[in-house]
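I have placed the structure first, in the form of structure tokens, so that the comments after it can refer back to it.
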Amino acid sequence: MSDVYASISAVHGYVPDDVLTNHDLEQMVDTSDEWIVSRTGIKERRILKGEGKATTDMGVEVVKGLLEKSGTDPSEIDLVILATVTSDMNFPDGANTICSKCGINNAFAYDISAACSGFVFSLFTGAQFIKTGAYKKVIVLGVDKMSSIVDYTDRSTCIIFGDGGGGVLLEPSEGDLGIRDAVMGGDGSGREYLYQTAGGSLKPASAETVAAREHFVTQIGRPVFKAAVSGMKDSVTTLLERNNLTKDEIDWIVPHQANIRIINTLASMLDFPMDKVVVNIDKYGNTTDGTIPLCLWEFESKFKKGDKIVLTAFGGGFTWGSILLDWAYDSN
Ligand code: UT7
């Protein structure tokens, strides 16, 4: 393999304007602001409203921002990967829709579905195309319209999720900065704890499945919580060990935003200071594939060229993964 690294050369994010607060949810289900904040850290989340508005509409905003910020012409893009569990339709994939709406005509594009780990899986996948020398400009997106699959009568899930996402442009790095290594994993036996029953080939959508509310997300929270902590902790630990790095050499950890208690527990088990852990769950909740790119977008101005950053995620499947990278630019 070559010494070329794929580095992030631009980052952008998008959240819809409409805000759904904990107080709004108190009017919809039997819950309280106090319960939601103390159990999850979430104060509000964004909801994409409007007839005909879907995940790719948010993806288009992200791609336009990436192209503009990086001064890239759409024709230069080689590949677009969209991590999502809420593509506009089961097929065609959303990535191609985004390309056609952004004038990206020389690329191939596809979606990756790996629940909340989809963005890190996609980022590592996209990086391989650069590392092999096959491509020079790859866009990786993580975007979800979770409000389209959340049951707003189920208090155990509707308080968690929100809409939004972001993405990055990957290019060959000029020095030796960029994506270094990744530890990815999965355990399909976890599928019984986080799933969408109907609408797939196992149980195609029907009047009965809709009446039974089976096309919404179901989550058994506690086992997912435990597995999330261990999946992220173990993959980060392996990543540091095999790269001969101590925790003190890491400048930032960017974790998937599922629950502030998961993030606090992870930081404590890694003995890593919370002021170097990126958190924005209070504002956006869990946007599934959107959380990590939204964090990169919001904290971009704090990252310095050469900072060592670890991204870590856990999601349904179960799936998990951590990526080690050297940030490649000073944003200002
Ligand atoms: O992003 C993909 C991966 N997902 C995750 O990582 C999520 C992991 N899980 C979690 O974050 C947490 O398990 C939840 C936030 C989903 C739930 O928190 P919890 O502390 O595990 O609560 P619980 O499910 O054990 O429920 C505790 C109690 C129950 O009442 P009883 O049985 O003790 O009387 C629930 O019915 O809290 C009740 N409850 C609520 N009460 C008020 C559940 N949801 C609510 C609510 N408002 N919204």
Side-chain angles (χ1 to χ4, degrees), residues 20-45 83-86 113-121 142-147 149-165 184-196 216-236 254-267 269 277 279-282 284-295 311-322:
L20 181 68
T21 67
N22 291 348
H23 298 294
D24 295 331
L25 285 161
E26 286 173 344
Q27 312 304 314
M28 298 158 69
V29 289
D30 179 15
T31 192
S32 66
D33 175 57
E34 193 279 329
W35 193 96
I36 301 171
V37 172
S38 64
R39 295 292 183 115
T40 70
I42 302 166
K43 292 180 181 155
E44 56 187 45
R45 61 294 287 144
T84 190
V85 295
T86 54
S113 171
C116 299
S117 307
F119 181 77
V120 291
F121 282 15
V143 189
D144 269 301
K145 183 186 171 188
M146 292 305 292
S147 63
I149 57 168
V150 163
D151 182 351
Y152 287 95
T153 67
D154 174 7
R155 69 177 182 173
S156 72
T157 52
C158 72
I159 54 118
I160 297 172
F161 294 103
D163 300 341
M184 304 290 177
D187 175 4
S189 67
R191 66 189 181 280
E192 63 186 280
Y193 301 114
L194 184 48
Y195 53 90
Q196 194 180 350
F216 291 127
V217 173
T218 300
Q219 176 172 251
I220 321 295
R222 284 195 184 179
V224 182
F225 188 112
K226 278 190 197 158
V229 171
S230 58
M232 292 196 281
K233 185 201 73 157
D234 292 349
S235 57
V236 172
V254 184
H256 170 54
Q257 310 283 302
N259 187 322
I260 192 63
R261 291 187 295 133
I262 293 177
I263 297 171
N264 287 336
T265 308
L266 175 68
M269 290 176 106
V277 178
V279 173
N280 64 9
I281 191 172
D282 50 322
Y284 306 132
N286 182 348
T287 53
T288 301
D289 286 297
T291 63
I292 289 180
L294 275 176
C295 283
L311 317 179
T312 186
F314 183 91
F318 292 141
T319 54
W320 61 86
S322 297

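Whatever order the structure lists them in is the order used to number ligands and atoms, beginning at 1.
When all heavy atoms are compared, the tightest approach of G164 to L294 is C-CD1, 4.3 Å. Here the closest heavy-atom approach between residue T291 and residue H256 is recorded as OG1-ND1, 2.7 Å. Residues L25 and L20 approach most closely at CD2-CD2, 4.0 Å, considering heavy atoms.
Note that CD1 of I160 and CG of N259 are 7.5 Å apart. Values are rounded to the nearest 0.5 Å. Note that CD of Q196 is 8.5 Å distant from OG1 of T218, once rounded to the nearest 0.5 Å. The structure places CD1 of I292 at 5.5 Å from CG of L311, a figure rounded to the nearest 0.5 Å. Rounded to the nearest 0.5 angstrom, F161 CZ and C116 SG are separated by 6.0 Å.
In this structure, the protein non-hydrogen atom closest to atom 27 (C) of ligand 1 is R39 NH1, 3.7 Å. Shortest contact from atom 21 (O) of ligand 1 to any protein heavy atom: R222 CG, 3.5 Å. Annotation: atom 30 (O) of ligand 1 to nearest protein heavy atom, R155 NH2, 4.4 Å. Looking from atom 46 (C) of ligand 1 to the surrounding protein, the closest heavy atom is T31 OG1, 3.3 Å. Shortest contact from atom 44 (N) of ligand 1 to any protein heavy atom: W35 CH2, 3.4 Å. Nearest protein neighbour of atom 18 (O) of ligand 1, counting heavy atoms only, is R261 NH2, 3.5 Å. Nearest non-hydrogen protein atom to atom 6 (O) of ligand 1 is I262 CD1, 3.3 Å. Summary of contacts: the protein heavy atom closest to atom 7 (C) of ligand 1 is Q219 OE1, 3.5 Å.
When heavy-atom distances to ligand 1 are checked against a 4.0 Å cut-off, F225 comes that close through both its backbone and its side chain. Looking at N286 against ligand 1, only its side chain comes within 4.0 Å, counting heavy atoms. The side chain of N259, and not its backbone, has at least one atom closer than 4.0 Å to an atom of ligand 1 (non-hydrogen atoms only; side chain from C-beta on). At a heavy-atom distance under 4.0 Å, no atom of T157 approaches ligand 1. Residue contacts with ligand 1 for I36 are absent, since no atom lies close enough (heavy atoms, distance under 4.0 Å).
Using 4.0 Å as the threshold, T291 has no heavy atom nearer than that to any atom of ligand 1.
Distance check on atom 4 (N) of ligand 1: some protein heavy atom falls below the 4.0 Å cut-off. Using a 4.0 Å threshold on non-hydrogen atoms, atom 32 (O) of ligand 1 does not count as touching the protein. In this structure, atom 1 (O) of ligand 1 has protein heavy atoms in its sub-4.0 angstrom surroundings. For atom 42 (C) of ligand 1, a protein non-hydrogen atom is found at a distance below 4.0 Å.
Remark: Y193 OH is loosely packed, at most 12 non-hydrogen atoms of other residues, nucleotides or ligands lying under 6.0 Å away.
Numbered from 1 in the order shown, with element, the atoms of ligand 1 that lie under 4.0 Å from a heavy atom of A258 read 1 (O), 5 (C), 6 (O). Distances below 4.0 Å separate heavy atoms of T40 from the following atoms of ligand 1: 15 (C). Here is the list of ligand 1 atoms found below 4.0 Å of a heavy atom in I159: 48 (N). The H256 neighbourhood of ligand 1 comprises atoms 1 (O), 2 (C), with distances under 4.0 Å to a heavy atom of that residue.
The shortest N or O to N or O distance between S32 and ligand 1 is not under 3.5 Å.
In this structure the side chain of N22 never reaches within 4.5 angstrom of the side chain of W35, judged on heavy atoms. With contacts defined as side-chain heavy-atom distances shorter than 4.5 Å, the pair M146/T287 does not qualify.
Across G221, G316, S117, heavy-atom proximity to atom 13 (O) of ligand 1 is greatest for G221.
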Test side-chain hydrogen bond (donor to acceptor under 3.5 Å, both in side chains) on D144 and T86; report intermediate values, then the result.
CA-CA 6 Å; D144 269 301; T86 54; 2.5 Å; yes
